[in-house]
Amino acid sequence: MFRKTALAALAASTMLAGSAFASEQPGEGVTVRPVIQPTVEEFFQARIVFQALRDLGYDVAEPEEVLAQTMHLALGTGDADFTTASWNKLHDNFFQESGGDDVLEKVGHLIDGALQGYLVNKAAYDAGVTNLGDLKDPEVAARFDADGDGKADLAGCVPGWGCERVIEHQLSEFGLRDTVNHNQGEYNAIIADTIARDAGGENVLYYTWTPYWVSGALVPGKDVEFLAVPYSSLPGGATAETTFDGKDLGFAVDSIRIVATDEFLAANPAAAKLFEVAQIGINDVSIQNKKVADGEDSSDDIDRHVAEWIDANRAAYDGWLDTARAAAK
């Protein structure tokens, strides 16, 4: 009798221990397949989410690195489970083209308050170039000519990024094809040349976004200014709030969201809840991006930045995990 009672107690204890482990590690045995853009400045926020998934017991596979359009297509075809790098408005066409709500879901708001726009050096702005439409005047456009062809050189958007569609649409919409060159390629190389030309006293015209390190090197309101656009006009007749601080920037005031497949979310309530509640301050991302720009750009550096952020935001981070675990029970 004693033996049976002892065995029953041991079995119950083992079951309770297993149940406790399962509740702490709801992702145990599940491999998650992320997809991200090959942009080192986006690795920080992605790896914070990856670490939270690991703390929930998930095995996070090496992320596939592709451009934004292909990133969404990979999700739509089921070749990946989630991304941390989907801009709510900017990438919505990619989201819809990849199956939209039938197969995918936008979850939470990982980073709020993301901006995009066209900027010029402050001297040019103070001299009267305050609107993108001003560049329709060949004499005005020639002030930003970097290669001697008489047209303004816009340091623009990488092909395959969502910003490319907006810029290309607006160059046509605002009648700027004859006076503005949209220079595309490796963004960091193009913007490095822009920063060097600004340091040399030349006029500059460029596109950028926040969070990103560029606005730490060329500070809006101090070194450069955002241009207004003649009026709000987005590709495909889309509508969005494009005004920030009373100025129409031409791009949607946006948020960066996690997009995941419906199938993955349904099978993994803990991960789904994590994606819903995780949030990182935009200034935290910009500060980390500046560290990357200053040379702290190795994988080990970024992992250290992630660990430092988690330590500094321990209560919020642990709250994500507790909420995710509760959702799995």
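For clarity, every value in this text was computed on a predicted model and none was experimentally measured.
Nearest heavy atoms, Tyr212 versus Trp209: CB-O, 3.2 Å. Considering all non-hydrogen atoms of both residues, Leu53 and Ala271 come closest at CD2-CB, 3.9 Å. Across every non-hydrogen atom of Leu205 and Ala152, the tightest pair is CD2-CB, 4.1 Å. Heavy atoms only, all atoms of each residue included: Thr194 and Ala155 are closest at OG1-CB, 3.4 Å. Considering every non-hydrogen atom in both Asn289 and Pro211, the closest pair reads OD1-O, 3.6 Å. In plain terms, the two heavy atoms of Gln184 and Val158 that are nearest each other are NE2-C, 4.2 Å.
Side-chain N/O atoms of Arg47 and Ser299 include a donor and acceptor closer than 3.5 Å. Between the side chains of Gln288 and Asp284, no donor-acceptor pair is found at a separation under 3.5 Å. A donor-acceptor contact closer than 3.5 angstrom is absent between the side chains of Asn121 and Asp198. Residues Asp79 and Thr77 bring a donor and an acceptor atom of their side chains to less than 3.5 Å of each other.
Residues Lys122 and Lys222 form no side-chain contact, since every pair of their non-hydrogen atoms from C-beta on lies 4.5 Å or further apart. You'll find the side chain of Asp153 reaches within 4.5 Å of the side chain of Asp145, heavy atoms only. Using a 4.5 Å cut-off on side-chain heavy atoms (C-beta onward), Asn203 and Val120 make no contact. Inter-residue side-chain proximity for Thr323 and Glu276 is flagged as unmet; no heavy-atom pair is nearer than 4.5 Å. Side-chain contact check for Val103 versus Thr261: every heavy-atom pair is 4.5 Å or farther apart. A heavy-atom distance below 4.5 Å is found between the side chains of Glu65 and Phe43. With a 4.5 Å cut-off on side-chain heavy atoms, Asn188 and Trp213 count as touching. Side-chain contact between Val214 and Tyr206 is present, with heavy atoms from C-beta onward closer than 4.5 Å.
In this structure, Glu263 places its CD atom where only 12 or fewer heavy-atom neighbours from other residues, nucleotides or ligands lie under 6.0 Å away. The neighbour count for Asp149 CG, taken as heavy atoms of other residues, nucleotides or ligands under 6.0 Å away, is above 12.
Residue Leu176 holds its CG atom at 6.0 Å from CG of Leu171, rounded to the nearest 0.5 Å. A distance of 11.5 Å separates CD1 in Ile287 from NZ in Lys290, rounded to the nearest 0.5 Å. For the atom pair CG of Leu132 and CG of Leu227, the computed distance is 6.0 Å after rounding to the nearest 0.5 Å. Expressed to the nearest 0.5 Å, how far CG of Asp137 lies from OG1 of Thr179 amounts to 8.5 Å. One distance of note links CH2 of Trp87 with CD1 of Ile111; it measures 8.5 Å at 0.5 Å rounding. The distance from the CG atom of Leu218 to the CD1 atom of Ile191 is 7.0 Å, given to the nearest 0.5 Å.
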- Evaluate salt bridge (charged side-chain N to carboxylate O under 4.0 Å, His left out) for Asp301 paired with Arg304, printing each intermediate quantity in order. CA-CA 5 Å; Asp301 285 330; Arg304 176 169 48 80; 2.9 Å; yes
- Task: Go through the steps to decide whether Arg177 and Glu168 satisfy the test salt bridge (charged side-chain N to carboxylate O under 4.0 Å, His left out), and finish with yes or no.
- Result: CA-CA 9 Å; Arg177 290 290 178 187; Glu168 287 295 306; 2.9 Å; yes
- Could you walk me through whether Val259 and Met71 pass side chain to side chain contact (heavy atoms under 4.5 Å, CB included), step by step? CA-CA 10 Å; Val259 169; Met71 179 179 74; over 6 Å; no
- Task: Would you sort out whether Leu110 and Ile280 count as a side chain to side chain contact (heavy atoms under 4.5 Å, CB included), showing the intermediate values?
- Result: CA-CA 6 Å; Leu110 186 62; Ile280 302 168; 4.0 Å; yes
- Task: Using the side chain to side chain contact (heavy atoms under 4.5 Å, CB included) rule, take Glu164 and Gln69 through it: C-alpha gap first, then chi angles, then the decisive distance, then the call.
- Result: CA-CA 11 Å; Glu164 178 191 25; Gln69 185 172 23; over 6 Å; no
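Relative ring orientation between His72 and His91 is described as perpendicular, the plane-to-plane angle rising above 60° on a 0-90° scale split at 30° and 60°. Ring geometry for Tyr207 versus Tyr118: interplanar angle over 60°, hence perpendicular rather than tilted (30 to 60°).
Every side-chain contact (heavy atoms from CB on, under 4.5 Å) that Asp134 has, sequence neighbours left out, goes to Val129, Thr130, Asn131, Val140.
Taking the six-membered ring for Trp, Tyr231 and Phe174 have ring centres closer than 6.0 Å.
Among Phe82, Trp320, Tyr58, the one residue that satisfies the ring-ring contact (aromatic ring centres under 6.0 Å, His included) test with Phe275 is Phe82. Here the rule is side-chain contact (heavy atoms from CB on, under 4.5 Å) with Ser215, and of Asp223, Leu119, Thr208, Val224 only Thr208 fits it. With respect to Pro34, the side-chain contact (heavy atoms from CB on, under 4.5 Å) criterion is satisfied by exactly one of Val60, Val49, Asp81, Thr83: Val60.
Under a 3.5 Å cut-off, the side chain of Asp59 and the backbone N or O of Thr31 do not form any donor-acceptor pair. For the pair His182 (side chain) and Cys157 (backbone), a donor-acceptor distance under 3.5 Å is present. With hydrogens and angles ignored, the 3.5 Å screen pairs a side-chain donor or acceptor of Gln37 with a backbone N or O of Ala68. Formation of a donor-acceptor pair under 3.5 Å by the Tyr317 side chain with backbone atoms of Ala52 is found in this model. Checking side-chain atoms of Gln25 against main-chain N and O of Asp55 turns up a donor-acceptor pair under 3.5 Å. Listed for the Arg33 side chain is a donor-acceptor partner under 3.5 Å among the backbone atoms of Gly78. In terms of modelled atom types and a separation under 3.5 Å, the side chain of Thr210 and the main chain of Leu115 share a donor-acceptor contact. Side-chain atoms of Arg257 come within 3.5 Å of backbone atoms of Gly108 as a donor-acceptor pair (strictly under, hydrogens ignored).
Trp309 is connected to Ile258 through a chain of hydrophobic side-chain contacts under 4.5 Å among Ile, Leu, Val, Met, Phe, Trp and Tyr, so both are in one cluster. In terms of hydrophobic clustering, with Ile, Leu, Val, Met, Phe, Trp and Tyr side chains grouped at heavy-atom distances under 4.5 Å, Leu73 and Trp161 are assigned to different clusters.
Ion pair Glu202/Arg197 flagged as a salt bridge, since at least one NZ, NE, NH1 or NH2 atom sits closer than 4.0 Å to an Asp/Glu carboxylate oxygen. By the 4.0 Å N-to-carboxylate-O rule, Arg325 lies close enough to Asp322 to be salt-bridged with it.
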Could you tabulate the donor-acceptor pairs under 3.5 Å formed by side-chain atoms of residues 246-255, not counting sequence neighbours?
from: Lys247; atom 1: NZ; to: Tyr125; atom 2: OH; distance (Å): 3.2
from: Lys247; atom 1: NZ; to: Phe226; atom 2: O; distance (Å): 2.7
from: Asp248; atom 1: OD1; to: Thr242; atom 2: OG1; distance (Å): 2.8
from: Asp248; atom 1: OD1; to: Gly250; atom 2: N; distance (Å): 3.0
from: Asp248; atom 1: OD2; to: Ser232; atom 2: N; distance (Å): 3.3
from: Asp254; atom 1: OD1; to: Asn88; atom 2: N; distance (Å): 3.2
from: Asp254; atom 1: OD1; to: Lys89; atom 2: N; distance (Å): 2.9
from: Asp254; atom 1: OD2; to: Lys89; atom 2: N; distance (Å): 3.2
from: Asp254; atom 1: OD2; to: Leu90; atom 2: N; distance (Å): 3.0

